[in-house]
J.: 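Handing you this structure, nothing more for now.
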Number of protein chains: 2
Amino acid sequence: MAKFRLPKLHSDFSVDCVIFGFDEGELKVLLVERNEPPYEGWIAIPGNLVYDHEDIHEAAARVLYELTGLKNIFLEQFYSFGEIDRHPQGRVITVAYYSIIKSSVNGLHPVSGYTRKAFWCPADKIPKLAFDHNQIVERALETLRHKIQYEPVGFELLPEKFTLTQLQHLYEAILEKKVDKRNFRKRILRYGLVSELKQKQKNVSHRAAAYFKFNKRRYADLKKKGFIFGIK
Amino acid sequence: MAKFRLPKLHSDFSVDCVIFGFDEGELKVLLVERNEPPYEGWIAIPGNLVYDHEDIHEAAARVLYELTGLKNIFLEQFYSFGEIDRHPQGRVITVAYYSIIKSSVNGLHPVSGYTRKAFWCPADKIPKLAFDHNQIVERALETLRHKIQYEPVGFELLPEKFTLTQLQHLYEAILEKKVDKRNFRKRILRYGLVSELKQKQKNVSHRAAAYFKFNKRRYADLKKKGFIFGIK
DNA sequence: GCAAAAGTGTTAACTTTACACCCATGT
DNA sequence: ACATGGGTGTAAAGTTAACACTTTTGC
């Protein structure tokens, strides 16, 4: 027979966030240095317990803010991890979220004492992390690679203005393979997902590239019609 | 500062299972009639609390067995639901799993007293369910529709031997649209994912259709090479 | 003038789509 | 003989993949 111990004072579930950024031609993941046991001093992804009467999605946003200073980030849930021994102090199930943002945003300043600092780490150089966080990051990467196949996720990672080469390098970093320049450009331009700006690069020691911006409106229209945006 | 109340006696999280079957040309969902408060007497998807020292995945398998008699089902996690008021007796986060099976399996016999019965319901005629289960089923359907676009999920829903028309109707039921017979067959046959059996239908008042079987080996080979199996 | 990255088109192979008639079986 | 669903091919349109040279800019 089911028994409920309610109401409770504390939840034994948590949220963890895998935040992807792209900078210097590399895919990056946002990490923190913990300032609390367990795993005090370890590197981890931002995460913490959910309050009792708190929506998990809001909890993810709050925790991310407290631990890194990031605000107004669009978070998407991707998996829950519940190995019985994943937390050294007992059973804690965690709901994992991910987001892809413009890592140019500076101001990574933990707002609480839970973490000592927050910093970007190249996705292919993640150190040993606290808890089962390596597993969580690995799964987030799979989700991202999968997602980029049918949604133009990449634009979220770039600044407002970007060159087509930057965009291409981003795809190559996520998919971990080379893409043909001409075919890539044809595909991107075909559906009008980007608009060319009049502005060009300056002070580069090679032909200046045109800047483009993502055409959100156009994307929304196409999406309604069920189109798929894939780069193979 | 984080505080942990550990060890605990009971978990306040649950698992819920959306089991898809296909029968009589219709996509079906496995439902139960509850025999316990809350929502006693209501229709719901099979679900219950997770034991303290139980892996959530194992919990899903156990709960499914107890409530419906189904065993050895491949369950896949797809989302966690954590609205603060989703459970009338307090905060309960649920991890939702789905599976696709041959609904010909009879023997739906609840093994515990939690449910009065288990039965198949057409996916497009789901009644009002307990908790937020309608929302969970809806999301599982989206996941299934998405998944069938790049994995030959359909074979899991059919008996060992099936006709190509049955397979086509299955795709049409899931994708909710008509598919061209000739093009469908060409695509299925092209990659050798199915093998024709010598056996044919009997006692049908029209030309007997050939039976086919799914070629798992071939699928595994193709998958390794990164192929995508899509029906548009 | 050279190094570095930007930008640009064509062709062949393949994939997708649309479409209509004859076949086998039971009644 | 008729009703029912099974089974089959082709051509046109569209998509993908492979591939190399010229342009612009700063030093």
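All figures in this text were calculated on a predicted structure; none of them were measured in a lab. Heavy-atom basis, side chains included; hydrogens, waters and symmetry copies ignored. Labels below follow one simple rule: chain letters A, B, ... track the order of the sequence lines, proteins then strands, and each chain is numbered from 1.
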J.: Looking across every strand, which nucleic acid part, if any, lies under 4.0 Å from Thr163(B) by heavy atom: base, sugar-phosphate, or nothing?
T.: nothing
J.: It should be established whether Arg185(A) places a side-chain nitrogen or oxygen under 4.0 Å from OP1 or OP2 of nucleotide dT8(C).
T.: no
J.: Going by salt bridge (Lys or Arg N to Asp or Glu O under 4.0 Å), name the residues that satisfy it together with Arg185(A), two or more places apart in sequence or in a different chain.
T.: none
J.: Let me know the distance between CG of Asn203(B) and C1' of dA24(C), rounded to the nearest Å.
T.: 14 Å
J.: Can you sort out the partners of Glu172(A) under side-chain hydrogen bond (donor to acceptor under 3.5 Å, both in side chains), two or more places apart, ordered by chain and number?
T.: Gln168(A)
J.: Would you please name every residue forming a side chain to side chain contact (heavy atoms under 4.5 Å, CB included) with Val111(B), sequence neighbours left out?
T.: Tyr65(B)
J.: Any side-chain N or O of Arg187(B) below 4.0 angstrom from OP1/OP2 of dT17(C)?
T.: yes
J.: NZ of Lys178(B) versus P of dT17(C): gap in Å, rounded?
T.: 17 Å
J.: Tyr211(A) has an atom OH; how far is it from atom C1' of dG7(C), in whole Å?
T.: 16 Å
J.: For Lys200(A) and dG7(C), give me the distance from atom NZ to atom P, rounded to whole Å.
T.: 6 Å
J.: Report the residues that fulfil salt bridge (Lys or Arg N to Asp or Glu O under 4.0 Å) with Lys181(A), sequence neighbours left out, ordered by chain and then residue number.
T.: none
J.: Tell me, please, which residues at least two apart from Gln77(B) pass side-chain hydrogen bond (donor to acceptor under 3.5 Å, both in side chains).
T.: none
J.: In whole Å, what is the span from the NZ atom of Lys202(A) to the P atom of dG26(D)?
T.: 11 Å
J.: Given atom CZ of Phe184(B) and atom P of dG6(D), what is their separation to the nearest angstrom?
T.: 12 Å
J.: Return the CD1 to CZ distance between Ile45(B) and Phe131(B), rounded to the nearest 0.5 Å.
T.: 10.0 Å
J.: Quick one: Gln201(B) CD to dT4(D) P, roughly how many Å, whole number?
T.: 16 Å
J.: Encode nucleotides 18-24 of chain D as B, S and - characters from 5' to 3', where the letter depends on protein heavy atoms closer than 4.0 Å: B to the base, S only to sugar-phosphate, - to neither.
T.: BBB--BB
J.: Sorted by first residue and then second, give each salt bridge (charged side-chain N to carboxylate O under 4.0 Å, His left out) pair with at least one member in residues 144-160 of chain B; sequence neighbours left out.
T.: Glu76(B)-Lys147(B), Arg145(B)-Glu176(B), Lys147(B)-Glu151(B), Glu151(B)-Lys223(B)
J.: Check side chain to side chain contact (heavy atoms under 4.5 Å, CB included) between Asn215(A) and all other residues, then give those that pass, not counting sequence neighbours.
T.: Ser195(A), Arg217(A), Arg218(A)
J.: Quick check: do Val32(B) and Tyr114(B) have side-chain heavy atoms less than 4.5 Å from each other?
T.: no
J.: Counting only side-chain N and O atoms of Ser205(A), is one of them less than 4.0 Å from OP1 or OP2 of dC27(D)?
T.: no
J.: Give, ordered by number, those residues of residues 190-198 of chain B having at least one heavy-atom distance below 4.0 Å to an atom of DNA chain D; if nothing qualifies, reply none.
T.: none
